[in-house]
Amino acid sequence: TVVVSAPTKGQGTVHFLFRSTSSAGNTLQTQSSVTMTENNDSTSKLGYSLSMSTDENFVVAGAPYTNTIGSDGSTRFSDAGLVKIYLWEPTTFKYGILNTITPPTDVASQNFGWAHKICEPGASSTRSTATKYLFVSAPGVGTDAGAVYMYEWGIGADGSTYDTWTQNLTITSSDPGENKRFGHRLQASDNADILAISSKALGQAGKVEIYKRTSQSNDDSVQHSFTLVQTLEGTSADGSSLNTQFGESLAMSKDGTTLVVGAPGYDDSSQADAGAIYYYKWDADGDSTLAYTLQQTITAPDTQINMKFGS
């Protein structure tokens, strides 16, 4: 399955491509295309962000520029945003709409759905396999201070069907501030134990905050919490804060042991905005440090300027 978005086509369009076998010569075909009609203009940008769960049961598409209707059912909040979640249906052999999630607060310009990640217990999990988590960012909250919302998958109103995402935690930066846009990008391990969230943080050339899940269980209930364990910054070796755009892109392995951070604004000697990526390993020395250690900095293989390697 391949999912491709066209966020500026109308309110945004998401295309689902599929092939029945992976044999050579068997091409991908567009199985279905979906859009949205909730907005009162054509600026929603559905598909601006896309993510797929490890088991491919869920596809999430963000529409962070939607003028979302608030909790009163009538007032629109400009660029509040939303996400749409599509579920794989084994009986029809295609993805269908499951949920539309709007922001938990009625605030304009919060860009809810800018980035997101669904965490699954493994590649063989099914719709009813516990436990699943969803993280959705809203970097525009609080005059671009930003926030990330955590949701948990569970049984819905009928008391038996897994069909509901319930918001149970709000994560904010340990060093909050206007215009930092915490939640610009995010990644998490499959079990949601490790969470990486980037901020634009221009004065620090971009940064990535690393959180470890420290949820507590009591009487079959869980009080979710995350603790900041590390902050990775894009400040250059000489201490300057040139805008390297550190954290513009993030990638994490399923188990969270590998983290790759893109910095497309990195200047390599005379190459302005050549770009670089940073490869980190979790607990690299095996001493239970529970932090990331930089293993390698990879710069652009070519010598042009403005390549933005690592975007």
Side-chain angles (χ1 to χ4, degrees), residues 51-56 115-125 129-135 137 148 150 152-153 169 171-175 182-199 201 204-218 222-239 244-264 266 268 275-301 309-311:
S51 63
M52 178 184 285
S53 60
T54 296
D55 63 9
E56 300 183 6
H116 39 75
K117 169 71 176 181
I118 283 186
C119 299
E120 300 266 16
S124 60
S125 65
T129 303
T131 299
K132 308 179 196 294
Y133 301 105
L134 167 66
F135 298 93
S137 77
V148 172
M150 178 182 178
E152 188 168 359
W153 179 241
L169 186 66
I171 303 168
T172 55
S173 173
S174 62
D175 180 27
F182 177 78
H184 180 62
R185 300 286 183 259
L186 65 86
Q187 283 292 341
S189 58
D190 269 3
N191 61 8
D193 276 355
I194 304 172
L195 179 63
I197 306 173
S198 75
S199 302
Q204 296 161 298
K207 68 178 180 180
V208 179
E209 295 178 45
I210 309 300
Y211 293 85
K212 190 81 170 61
R213 185 153 61 99
T214 53
S215 303
Q216 301 294 316
S217 298
N218 183 33
V222 177
Q223 182 177 354
H224 291 290
S225 60
F226 283 82
T227 299
L228 178 75
V229 295
Q230 188 178 15
T231 299
L232 308 173
E233 294 187 359
T235 305
S236 59
D238 63 2
T244 62
Q245 296 178 284
F246 184 83
E248 175 60 30
S249 60
L250 294 175
M252 183 183 289
S253 61
K254 295 177 183 179
D255 60 4
T257 58
T258 297
L259 175 69
V260 178
V261 180
Y266 172 82
D268 186 7
I277 61 173
Y278 298 85
Y279 159 49
Y280 295 88
K281 201 72 177 174
W282 181 262
D283 192 19
D285 297 328
D287 59 359
S288 300
T289 303
L290 301 183
Y292 284 108
T293 304
L294 180 64
Q295 304 295 298
Q296 186 178 3
T297 299
I298 303 172
T299 56
F309 179 78
S311 294

Query raised in the report: Taking the side chain as C-beta and beyond, is there a heavy-atom pair between Thr258 and Trp282 under 4.5 Å?
Result: no

Query - Side-chain heavy-atom pair Asp193, Lys212 within 4.5 angstrom cut-off - result: yes

Report task. Give the C-alpha distance, both sets of side-chain angles, the deciding distance and a yes or no for side-chain contact (heavy atoms from CB on, under 4.5 Å) between Trp153 and Thr131. Result -> CA-CA 7 Å; Trp153 179 241; Thr131 299; over 6 Å; no

Report task. Under the side-chain contact (heavy atoms from CB on, under 4.5 Å) rule, what do Lys132 and Asp55 come out as? Steps first, then yes or no, please. Result -> CA-CA 11 Å; Lys132 308 179 196 294; Asp55 63 9; 3.9 Å; yes

Query raised in the report: Quick one: are Val208 and Leu250 in side-chain contact, heavy atoms under 4.5 Å?
Result: yes

Report task. Could you walk me through whether Tyr133 and Arg213 pass the side-chain contact (heavy atoms from CB on, under 4.5 Å) test, one step at a time? Result -> CA-CA 12 Å; Tyr133 301 105; Arg213 185 153 61 99; 3.4 Å; yes

Query raised in the report: Could you walk me through whether Tyr266 and Phe246 pass the ring-ring contact (aromatic ring centres under 6.0 Å, His included) check?
Result: CA-CA 8 Å; Tyr266 172 82; Phe246 184 83; over 10 Å; no

**Report entry** Side chain proximity check, Ile171 to Phe182, heavy atoms < 4.5 angstrom
**Finding:** yes

Query - Criterion side-chain contact (heavy atoms from CB on, under 4.5 Å) on Met252 and Ser189, from CA distance to verdict - result: CA-CA 7 Å; Met252 183 183 289; Ser189 58; 4.3 Å; yes

Query - Ser249 side-chain N/O to Gly310 backbone N/O, donor-acceptor pair under 3.5 Å - result: yes

Requested in this report: Output yes when Asp190 and Lys254 qualify as a salt bridge under the 4.0 Å nitrogen-oxygen rule, no when they do not.
Outcome: no

Query raised in the report: Any side-chain heavy atom of Phe309 within less than 4.5 Å of one from Pro301?
Result: yes

Query raised in the report: Are Glu120 and Ser53 linked by a side-chain donor-acceptor pair shorter than 3.5 Å?
Result: yes

Query raised in the report: Which of these, Arg185, Glu209, Glu233, sits in a side-chain contact (heavy atoms from CB on, under 4.5 Å) with Ser199?
Result: Glu209

Query - Residue from Leu195, Thr214, Ile210, Ile197 passing side-chain contact (heavy atoms from CB on, under 4.5 Å) with Phe226 - result: Leu195

Query raised in the report: So, His224 versus Ser215: side-chain donor-acceptor pair below 3.5 Å or not?
Result: yes

